[in-house]
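Everything below concerns the one structure shown next.
Values in this document were obtained by computation on a predicted structure and should not be read as measured data. Scope of the values below: all heavy atoms of this structure, side chains included, with no hydrogens, waters or symmetry mates. In this chain, numbering begins with 1 at the start of the sequence shown.
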Amino acid sequence: MSRTYGQIVATTDLHSALDQAHRLLPHLHHLKATSLIADCGDFFEGTGYYRLGKGAIEREILTTLYDVLAPGNHGWPHYFEPGLREMTVCANVVDDATGRPLFSCIRVVDVHGRRVAVTAVIGVRAFHTIPADQRAGHRVTDPVTALRELMLEHHHVDSWIVLSHSGFDEDLKLAGACPFVDVIFAGHCHSDTYGPVHIGDTLVVKGRELAAGYAAAEPVGSGWAARTAVVPAPTVVPDDLAALDERISSACRMLATPLGTLAEPYRDTVLDRRRLLQDITTRLHTGLGADAVLLNETALRSTRLGDDLTLGDLLAIEPFDNQLVHAFLPDRYAQDLDGLLTHLTEHVGPLSFTPQPLPQGFRSVLTTDYLADTYLGGRTHQAGLRLSEAVRGTIATPYPRTEKDGAR
């Protein structure tokens, strides 16, 4: 605790939105002189920058500009990498065999002369959206219980700050159950609610996602004040960020590679992912002869499209590199299709499926490897097609081959 900070600044759900890095990074560099810089999870995954670099640029940003991290459900394995694991705190994920915490539970820092405990939690539902193979051997515990136990172990501190990857509504409940917490920095939900909201003496606040803003908190009188802020207009990149800025620019040039001409319904508009998914499920049902096709809306992302499809557009629409597979239905849902749809919707959000209604008695469905391995009965075999390929084939026509192309 040799350093004294003036405030705590927290970003959340950046999702590899490095197209905004020219705004965010210089501002964080400026704030770092007086602020503890934190992130509330999901810094990784969500754009072509991540798909191209596998998180290397994001990792460099975190180790260069940030001080403490909460783990998110996206990019979960990255938080165990050397350099990032030491920066990560979380009070409610443990080794399933030993019950020992997977990360440090607490960081104690000096903020305006106060001993401030900084910890983090991940919501139970958020944890269970982590791909099953990535969280094998890990277990989530009740966030309220974990925070109460941590408070009893560290009752000597003056203030409590929680970085939460649970969702704003869940954090309002958390604030009510843990009145000793001064500020909860929220994340995960992508809602339009940012706060700050008072629950008793606890403040719940969330920065704008996708590198658009941040939240900040500082001691005021005997309590705390919190606010949100939008990242200001771009400034000159500091010299010590120049190499990082060039790596981002290089990836940006690669993502500008054109792939084809967009079909009329998808041209020069903000992508309607529900429409796209329905078009995809219909094409896959017909083309691959599956009994049924079932996809979740959150497998795709909406983005603004122009006249042509670029590599960056495609990887922004389907940033998770999902493989299409044939999957078993769990026995308990084979005769309860409504129960299956309810179960999946509760965990992954709205669904798109074909045919409608789903046929009775079928036991296999064409879906993503993520849904198959995490929520269904496992995969039977690969479909030989990635979801991104299905997206590209649905929304764009490849450019005509030229004689030069044919000669290569």
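- For the residue pair Pro196 and Leu203, the shortest heavy atom distance occurs at CB-CD2, 4.1 Å.
- For an aromatic pair to be called close, the ring centres must be under 6.0 Å apart, and His74 with His15 satisfies this.
- At distances below 3.5 Å, at least one donor-acceptor pair connects side-chain atoms of His112 with backbone N or O atoms of Gly6.
- Judged by distance alone, the side chain of Asp182 and the main-chain N or O of Trp160 form a donor-acceptor pair under 3.5 Å.
- Counting only residues at least two apart or on different chains, no salt bridge (charged side-chain N to carboxylate O under 4.0 Å, His left out) pair has a member in residues 123-132.
- Within the structure, side chain to side chain donor-acceptor pair (under 3.5 Å) pairs that include any residue of residues 16-25 comprise Ser16-Glu58 (at least two apart or interchain).
- Salt-bridge formation is not detected for the pair Arg392/Glu389: no Lys NZ or Arg NE/NH1/NH2 atom is positioned less than 4.0 Å from an Asp or Glu carboxylate oxygen.
- Looking at Thr345, its side chain never comes within 3.5 Å of a backbone N or O of Thr342 through a donor-acceptor pair.
- Residues Ala299 and Pro319 come closest through the heavy atom pair O-CD, 4.3 Å.
- Shortest non-hydrogen contact noted between Ser302 and Val270 is OG-CG1, 3.4 Å.
- Using a distance-only test at 3.5 Å, with no hydrogens or angles considered, no donor-acceptor pair links the side chain of Thr310 to the main chain of Ala256.
- No donor-acceptor pair under 3.5 Å is formed between the side chain of Thr281 and the backbone N or O of Phe353.
- The side chain to side chain donor-acceptor pair (under 3.5 Å) pairs that include a residue from residues 31-41 are Gln7-Ser35, Thr11-Asp39, Lys32-Asp67, where partners are two or more places apart or lie in different chains.
- Side-chain polar atoms of Asn296 and His347 form no donor-acceptor pair below 3.5 angstrom.
- Counting heavy atoms from C-beta outward, Val68 and Val109 have side chains that stay 4.5 Å or more apart.
- The backbone N or O of Val181 sits less than 3.5 Å from a side-chain atom of Thr202, completing a donor-acceptor pair.
- Between Asp171 and Ala186, the shortest heavy-atom contact is OD2-CB, 3.1 Å.
- Smallest separation of non-hydrogen atoms from Ile280 and Leu295: CG2-CD1, 4.0 Å.
- Using a 30° and 60° split on the angle between ring planes, Trp76 and Phe80 fall in the perpendicular class, above 60°.
- When side chains are defined from C-beta on, Tyr399 counts as touching Thr261, because their heavy atoms get closer than 4.5 Å.
- Although no hydrogens or angles enter the test, the distance criterion places no donor-acceptor pair under 3.5 Å between the side chain of His165 and the main chain of Gly187.
- When each of Leu25, Leu24, Ile37 is checked for a side chain to side chain contact (heavy atoms under 4.5 Å, CB included) with Leu65, only Leu25 meets the rule.
- The salt bridge (charged side-chain N to carboxylate O under 4.0 Å, His left out) contacts involving residues 42-53 comprise Arg51-Asp321, where partners must be two or more places apart or lie in separate chains.
- Annotation: salt bridge (charged side-chain N to carboxylate O under 4.0 Å, His left out) contacts involving residues 286-308, sequence neighbours excluded, comprise Arg273-Glu297, Arg274-Glu297.
- For Tyr50 and His78, the ring centers sit closer than 6.0 Å to each other.
- In this structure a side-chain-to-backbone donor-acceptor pair under 3.5 Å is present from Glu86 to Gly83.
- What you find for Gly207 and Thr12 is that their closest heavy atoms are O-CG2, 3.6 Å.
- Electrostatic pairing of Asp192 and Lys206 does not count as a salt bridge here, judged by no charged N lying under 4.0 Å from a carboxylate O.
- Side chains of His128 and Val124 form a contact here, defined as non-hydrogen atoms less than 4.5 Å apart.
- In this structure, the separation between CG on Leu341 and CG on Leu337 is 6.5 Å, given to the nearest 0.5 Å.
- A donor-acceptor contact shorter than 3.5 Å links the side chain of Arg283 to the backbone of Gly393.
- Between atom OH of residue Tyr333 and atom CZ of residue Arg363 there is a gap of 13.5 Å, rounded to the nearest 0.5 Å.
- In summary, the side chains of Tyr266 and Asp279 do present a donor paired with an acceptor at a separation below 3.5 Å, with no hydrogens or angles considered.
- For residues 139-160, the set of pairs meeting the salt bridge (charged side-chain N to carboxylate O under 4.0 Å, His left out) definition, not counting sequence neighbours, comprises Asp96-Arg139.
- Side chains of Cys90 and Leu102 form no contact here, defined as non-hydrogen atoms less than 4.5 Å apart.
- Just one residue in the list Leu371, Thr129, Thr374 forms a side chain to side chain contact (heavy atoms under 4.5 Å, CB included) with Val348, and that residue is Leu371.
- Of the possible polar contacts, none joining the Asn73 side chain to the Ile130 backbone as a donor-acceptor pair under 3.5 Å is found.
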